[in-house]
K.L.:
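Next up is a structure, given as structure tokens.
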Amino acid sequence: MVREIAETELEELLELYLYLHEDAVPEMTEHLKHTWNTILQDENHHMIVNEIDGKIVSSCVCVVIPNLTRNIRPYALVENVVTHPEYRGRGYGTECLNYAKQIAEGQGCYKIMLLTGAKESATLKFYGNAGYNSSDKTAFIQWLE
């Protein structure tokens with residue numbers, strides 16, 4: 001079942017993020033709790049999860065960003081797309097991306113952007129099959145300390 005995350009599911013989400021790029025679940029500090037509450041209270045920030053048999057197996061984040069161009073239409077950014085390795089290849093990640101697309105369409109977004117650091121052809125094909133392309137724009141990233 002694809003849905004937005006519940007407030008009580010932070011720890012399970014952080015465990016899933018171990019399969020994204022994290023190497024440890026962060027300590028439950030006041031900073032982490034504050035960040036979590038900020039995300040939950042932001043109507044433009046959507047933490048999407050796919051729950052199978054009571055377990056969160058896939059997730060992505062969709063942030064709708066207000067915009068002054070394109071007839072004052074917002075755009076969406078999708079990040080932190082992850083599926084537990086034991087559940088990959090079953091369409092659960094695609095279901096999360098489709099849910100994000102529904103949110104973006106419902107908010108009147110004119111585009112959805114997604115960046116990936118993955119180089120594996122299977123991952124790039126996954127995003128292509130979900131409707132994303134890498135030919136329309138060039139992405140530049142500046143990492144900050």
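Since the model is a prediction, treat every value here as computed from it, not as a measurement. Hydrogens, waters and symmetry mates play no part in the numbers below; they use all other heavy atoms, side chains included.
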K.L.:
Between Asn67 (side chain only) and Thr69 (backbone N and O only), is there a donor and an acceptor less than 3.5 Å apart?
P.N.:
yes
K.L.:
Find the distance between CE (Met47) and SG (Cys62) and round it off to the nearest 0.5 Å.
P.N.:
11.5 Å
K.L.:
Looking only at atom types and distance, does a side-chain atom of Glu12 sit under 3.5 Å from a main-chain N or O of Ile56, one as donor and one as acceptor?
P.N.:
yes
K.L.:
Any chance you could lay out the side-chain contact (heavy atoms from CB on, under 4.5 Å) test for Lys111 and Lys137, step after step, and finish with the verdict?
P.N.:
CA-CA 12 Å; Lys111 71 177 175 182; Lys137 296 221 176 202; 3.5 Å; yes
K.L.:
Give me the atom names and distance for the closest heavy-atom approach of Tyr92 to Asn50.
P.N.:
O-ND2, 3.2 Å
K.L.:
Determine, using the 4.5 Å side-chain heavy-atom cutoff (strictly less than), whether Leu18 and Val61 are members of one ILVMFWY cluster.
P.N.:
yes
K.L.:
Any chance CG of Asn133 has more than 12 other-residue heavy atoms, nucleotides or ligands included, within less than 6.0 Å?
P.N.:
yes
K.L.:
I need the Ile39 CD1 to Leu13 CG distance, nearest 0.5 Å.
P.N.:
9.0 Å
K.L.:
Could you give the distance from OG1 (Thr35) to CG (Leu40), rounded to the nearest 0.5 Å?
P.N.:
11.0 Å
K.L.:
Would you please test Leu77 and Ile112 for side-chain contact (heavy atoms from CB on, under 4.5 Å) and show each step?
P.N.:
CA-CA 6 Å; Leu77 175 65; Ile112 304 172; over 6 Å; no
K.L.:
Does the side chain of Val63 reach to within under 4.5 Å of the side chain of His46, using non-hydrogen atoms?
P.N.:
no
K.L.:
For residues Leu114 and Val81, determine if any side-chain heavy atom of one lies less than 4.5 Å from a side-chain heavy atom of the other.
P.N.:
yes
K.L.:
Working to the nearest 0.5 Å, report the span between OH of Tyr17 and CG of Asn80.
P.N.:
4.5 Å
K.L.:
Any side-chain heavy atom of Glu11 within less than 4.5 Å of one from Val25?
P.N.:
no
K.L.:
May I ask you to decide if His31's main-chain N or O and Trp36's side chain share a donor-acceptor pair within less than 3.5 Å?
P.N.:
no
K.L.:
How close do Met1 and Ile52 get, counting heavy atoms only, and between which atoms?
P.N.:
N-CD1, 4.0 Å
K.L.:
How close do Arg73 and Gly108 get, counting heavy atoms only, and between which atoms?
P.N.:
NE-O, 2.9 Å
K.L.:
Quick one: do Thr116 and Leu124 satisfy side-chain contact (heavy atoms from CB on, under 4.5 Å)? Show the steps, please.
P.N.:
CA-CA 8 Å; Thr116 182; Leu124 301 179; 4.0 Å; yes
K.L.:
Between Asn44 (side chain) and Ile65 (backbone), is there a donor-acceptor pair under 3.5 Å?
P.N.:
no
K.L.:
Heavy atoms, side chains only, cut-off 4.5 Å: are Thr83 and Phe126 in contact?
P.N.:
no
K.L.:
Any non-hydrogen side-chain atom of Tyr87 less than 4.5 Å from a side-chain atom of Lys55?
P.N.:
yes
K.L.:
Around atom NE2 of His21, are there more than 12 heavy atoms from other residues, nucleotides or ligands closer than 6.0 Å?
P.N.:
yes
K.L.:
Any chain of hydrophobic side-chain contacts (each under 4.5 Å) joining Leu10 to Val49?
P.N.:
yes
K.L.:
In terms of heavy-atom contacts, does CG of Leu68 have more than 12 from other residues, nucleotides or ligands at under 6.0 Å?
P.N.:
no
K.L.:
How close do Ser59 and Leu16 get, heavy atom to heavy atom, and via which atoms?
P.N.:
CB-CD2, 3.8 Å
K.L.:
Considering only heavy atoms from C-beta outward, does the side chain of Val78 approach that of Cys96 to under 4.5 Å?
P.N.:
no
K.L.:
So Tyr19 and Arg88, do their side chains get closer than 4.5 Å, heavy atoms only?
P.N.:
yes
K.L.:
Taking all non-hydrogen atoms of both residues into account, name the closest pair between Glu7 and Asn37 and its distance.
P.N.:
OE2-OD1, 4.2 Å
K.L.:
Quick one: pull up CD in Gln107 and CD in Glu43 and give me the separation to the nearest 0.5 Å.
P.N.:
7.5 Å
K.L.:
Considering only NZ, NE, NH1 and NH2 on the basic side and carboxylate oxygens on the acidic side, decide whether Glu9 and Arg3 come within less than 4.0 Å.
P.N.:
yes
K.L.:
State whether the side chain of Asn98 and the backbone N or O of Lys101 hold a donor-acceptor pair below 3.5 Å, judged by distance alone.
P.N.:
no
K.L.:
Assigning hydrophobic clusters by single linkage (Ile, Leu, Val, Met, Phe, Trp, Tyr; side-chain heavy-atom cutoff under 4.5 Å), is Tyr127 placed with Leu115?
P.N.:
no
K.L.:
Taking all non-hydrogen atoms of both residues, which atom of Pro74 and which atom of Pro66 are closest, and how far apart?
P.N.:
CB-CA, 4.2 Å
K.L.:
Looking at side-chain heavy atoms only, is the closest gap between Val64 and Ile103 below 4.5 Å?
P.N.:
yes
K.L.:
Please step through side-chain contact (heavy atoms from CB on, under 4.5 Å) for the pair Arg70 and Tyr75, ending with a clear verdict.
P.N.:
CA-CA 9 Å; Arg70 305 284 180 152; Tyr75 57 93; over 6 Å; no
K.L.:
Rounded to the nearest 0.5 Å, how far does CD of Glu79 lie from SG of Cys60?
P.N.:
10.0 Å
